[in-house]
Amino acid sequence: MEILGRDSWLESYRIAVEVDGVRVIAHVPERLFADRPGQRPSHQAAYEGIAARKAAIETSIADLVRGRPLRAPYDQILLAEDN
């Protein structure tokens, strides 16, 4: 997993993972890492949250690529258009 930075327009972090030998980029909403609903996490909190949920994020992105349904709260992840 590689964190490519924050997308301010989508209020998400761009995450790159390899799925079936192909590099895939997805947008993971920053709100998943906030302490309270409606609050924007700091970059540090977001990076720590991404690291703590690495396996679930990677699995969710792979499921999304393969057309499988995602479980909440990871059902908010979107594939980037440049995939």
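Since this is a predicted model, take the numbers as computed values, not measurements.
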Self-check item: Heavy-atom closest contact (D7 atom, R14 atom, distance)
Solution: CB-CG, 4.4 Å
Self-check item: Point-to-point distance, once rounded to the nearest 0.5 Å, from CD1 of I15 to CD1 of I50
Solution: 4.0 Å
Practice problem: Kindly say whether P73 contributes a backbone atom to a donor-acceptor pair with the side chain of Q76 at under 3.5 angstrom? | Solution: yes
Quiz item: Does the side chain of V17 come within less than 4.5 Å of R23's, by heavy atoms?
Solution: no
Quiz item: So how far is it from I57 CD1 to Y74 OH, rounded to the nearest 0.5 Å?
Solution: 6.0 Å
Self-check item: Y47/F33 aromatic ring centres below 6.0 Å
Solution: no
Quiz item: Would you call R66 and V19 a side-chain contact if the rule is heavy atoms closer than 4.5 Å?
Solution: yes
Quiz prompt | E2, CD atom: more than 12 neighbouring heavy atoms under 6.0 Å | solution = yes
Exercise. First locate atom CG of L79, then atom CD1 of I61, and finally report the distance between them rounded to the nearest 0.5 Å.
Key: 8.0 Å
Quiz prompt | Stepwise salt bridge (charged side-chain N to carboxylate O under 4.0 Å, His left out) test for D63 and R71 | solution = CA-CA 10 Å; D63 286 347; R71 294 183 184 161; over 6 Å; no
Self-check item: Contact summary for H27 and P29, nearest pair of heavy atoms
Solution: O-CD, 3.7 Å
Quiz item: Are L10 and I25 co-members of a hydrophobic cluster defined by side-chain heavy atoms under 4.5 Å apart?
Solution: no
Quiz item: Are there more than 12 heavy atoms of other residues, nucleotides or ligands under 6.0 Å from atom CZ of R36?
Solution: no
Quiz item: Checking salt bridge (charged side-chain N to carboxylate O under 4.0 Å, His left out) for the pair E30/R6: CA distance, chi angles, key distance, verdict?
Solution: CA-CA 8 Å; E30 64 185 15; R6 182 176 180 269; 2.6 Å; yes
Practice problem: With rounding to the nearest 0.5 Å, note down the distance linking CG in L32 to CD1 in I77. | Solution: 7.0 Å
Exercise. Would you indicate whether the side-chain heavy atoms of S60 and L70 approach each other to under 4.5 Å?
Key: yes
